[in-house]
K.L.:
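One structure follows; several queries about it will come next.
Just so you know, these numbers use all the heavy atoms, side chains as well, and skip hydrogens, waters and symmetry mates. All values reported here derive from a predicted model rather than from experimental measurement.
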Amino acid sequence: MTAGDFEREVEAARPMLLQTARGMLGDADDAEDAVQEALLKLWGMAASLRSPLAPLAKVLVRNLCVDRLRRRRPTVSVDSVVLPVSVADEAEYALFNGMMAFIDSLPAAQQIVLRLRHIDGMDYSEIARLTGGSEAAVRKMVSRARMAVRKHFINGFDDET
C-alpha cells in the first residue's frame with residue numbers, strides 16, 4: 001500500500017475509529033490516543049497492507065481500548081484490605097480464611113499462579129514471563145487451582161447440609 005492510499009483509507013476510517021474508541025473508553029482524549037496508537041502501528045505495517053484498511057483498524061482500536069480498560073482496573077494489596085468484624089460478616093470472614101488456608105495447602109506452583117492472577121491482578125502473559133512457562137501452561141495451572149478450590153468448597157458445603 002502506498003502512502004497516498006494509506007492516507008485516503010485512514011481519512012475515511014478515522015471517524016468510525018474515533019466513535020468506536022469513544023464508545024469503549026468514554027473519554028475523547030483517551031479515544032484519540034488509542035486511535036493514534038492504532039494508526040501508528042498500521043503505518044509500520046503499511047507496506048504489507050491491502051485495501052480495505054478499516055476492518056483491521058477497527059479490530060486494532062478495539063483491542064487497544066480493551067488494553068487501556070484493563071490497565072485502569074484498580075488492584076488492591078491484600079495487606080491493605082480491612083476485613084469486616086461485624087457479627088453479620090463473620091461467616092464471610094470465616095469463608096475467606098478457609099479459602100486462604102486451602103490455597104496455602106495447594107502445590108507451590110498453583111499457589112503462585114493463583115495469587116498472581118487473582119490477588120495481584122496480573123495477566124496470563126505477565127505470569128508466564130515471571131514463571132518462565134508458556135501462557136497456555138499458566139492458564140492450565142490457574143484452571144487446575146480454581147477447580148481444586150471449587151471442589152474443596154463444594155465438598156465442604158455438601159458435608160454441612
Side-chain angles (χ1 to χ4, degrees), residues 1-86 88-89 91-93 95-97 99-100 103 106 109-147 149-150 153:
M1 175 176 283
T2 65
D5 293 340
F6 183 82
E7 285 181 27
R8 280 190 293 283
E9 293 264 347
V10 166
E11 284 179 30
R14 187 175 181 77
M16 180 258 311
L17 298 175
L18 281 170
Q19 181 180 6
T20 299
R22 271 192 217 112
M24 291 183 74
L25 297 173
D27 180 34
D29 291 335
D30 280 348
E32 182 68 35
D33 290 345
V35 170
Q36 286 293 347
E37 188 176 346
L39 294 178
L40 183 63
K41 287 184 180 195
L42 288 172
W43 177 250
M45 303 183 301
S48 62
L49 294 177
R50 290 189 213 125
S51 190
L53 186 65
L56 177 61
K58 187 171 183 177
V59 169
L60 191 55
V61 166
R62 214 175 315 140
N63 289 343
L64 289 169
C65 289
V66 168
D67 288 345
R68 286 175 183 269
L69 290 170
R70 284 182 180 156
R71 276 186 247 132
R72 284 184 191 171
R73 187 176 41 191
T75 56
V76 177
S77 171
V78 175
D79 298 332
S80 66
V81 174
V82 177
L83 295 175
V85 292
S86 69
D89 293 331
E92 288 181 30
Y93 183 72
L95 183 64
F96 176 80
N97 281 338
M99 182 174 63
M100 293 309 288
I103 289 173
L106 289 173
Q110 288 183 359
Q111 280 184 44
I112 291 169
V113 296
L114 197 62
R115 289 172 192 231
L116 289 173
R117 177 71 180 151
H118 293 292
I119 294 174
D120 294 338
M122 296 177 85
D123 292 329
Y124 291 111
S125 59
E126 293 173 310
I127 298 170
R129 192 180 70 238
L130 283 175
T131 59
S134 69
E135 192 172 330
V138 169
R139 286 180 187 273
K140 187 66 175 176
M141 203 174 310
V142 168
S143 174
R144 286 182 180 159
R146 286 178 185 156
M147 288 187 328
V149 170
R150 180 178 180 270
F153 280 98

K.L.:
Please say whether more than 12 non-hydrogen atoms of neighbouring residues, nucleotides or ligands are located less than 6.0 Å from CZ in Arg68.
P.N.:
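It does: Arg68 CZ has more than 12 such atoms within range.
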K.L.:
What I'd like to find out is whether the side chain of Arg22 reaches to under 4.5 Å of the side chain of Asp30, using heavy atoms alone.
P.N.:
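Of all side-chain heavy-atom pairs linking Asp30 with Arg22, none is under 4.5 Å.
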K.L.:
Between Glu32 and Arg14, is there a side-chain N and carboxylate O pair less than 4.0 Å apart?
P.N.:
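Answer for the salt bridge query: yes.
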K.L.:
Are Asp5 and Leu53 side-chain neighbours, meaning at least one heavy-atom pair lies under 4.5 Å?
P.N.:
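No. Closest side-chain heavy atoms not under 4.5 Å.
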K.L.:
State the CZ-CE distance between Phe6 and Met45, to the nearest 0.5 angstrom.
P.N.:
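If I round to the nearest 0.5 Å, the distance is 8.5 Å.
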K.L.:
Tell me the closest heavy-atom pair linking Val138 and Ala128, and the distance in Å.
P.N.:
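Val138 and Ala128 have their closest heavy atoms at CG2-CA, 3.7 Å.
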K.L.:
Could you tell me which non-hydrogen atom of Ala21 sits nearest to which non-hydrogen atom of Val61, and how far apart they are?
P.N.:
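Scanning both residues, the minimum pair turns out to be CB-CG1, 3.9 Å.
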K.L.:
Working to the nearest 0.5 angstrom, can you tell me the gap between Ile103 CD1 and Ile112 CD1?
P.N.:
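CD1 of Ile112 is found 13.0 Å from CD1 of Ile103.
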K.L.:
Is there side-chain contact between Lys41 and Leu64, with at least one heavy-atom pair below 4.5 Å?
P.N.:
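The answer is yes, as the side chains (C-beta and beyond) meet within the 4.5 Å cut-off.
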K.L.:
Are the side chains of Val142 and His118 in contact, using a 4.5 Å heavy-atom criterion?
P.N.:
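His118 vs Val142: side chains touch.
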K.L.:
Taking side chain as C-beta onward, heavy atoms only, is Val10 less than 4.5 Å from Trp43?
P.N.:
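Not touching, per the 4.5 Å side-chain cut-off.
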K.L.:
Nearest 0.5 Å please: distance from the NZ atom of Lys58 over to the CZ atom of Arg62.
P.N.:
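The NZ atom of Lys58 sits 5.5 Å away from the CZ atom of Arg62.
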K.L.:
With the side chain counted from C-beta on, respond yes when Leu130 and Glu126 share a heavy-atom pair under 4.5 Å apart, and no when they do not.
P.N.:
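Of all side-chain heavy-atom pairs linking Glu126 with Leu130, none is under 4.5 Å.
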K.L.:
Within a reach of under 6.0 Å around CD of Gln19, are more than 12 heavy atoms found that belong to other residues, nucleotides or ligands?
P.N.:
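Check fails, neighbour count at 12 or below.
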K.L.:
With rounding to the nearest 0.5 angstrom, report the CZ to CZ distance, Arg139 to Arg117.
P.N.:
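Taking CZ in Arg139 and CZ in Arg117, the distance rounds to 7.5 Å.
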K.L.:
Exactly one of Ile119, Ile127, Leu106 should register a side chain to side chain contact (heavy atoms under 4.5 Å, CB included) with Leu114. Which one does?
P.N.:
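It is Leu106; the other options fail the test.
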K.L.:
Using 0.5 Å steps for rounding, measure from the CD atom of Gln110 to the OG atom of Ser143.
P.N.:
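Atom-to-atom, Gln110:CD and Ser143:OG are 9.5 Å apart.
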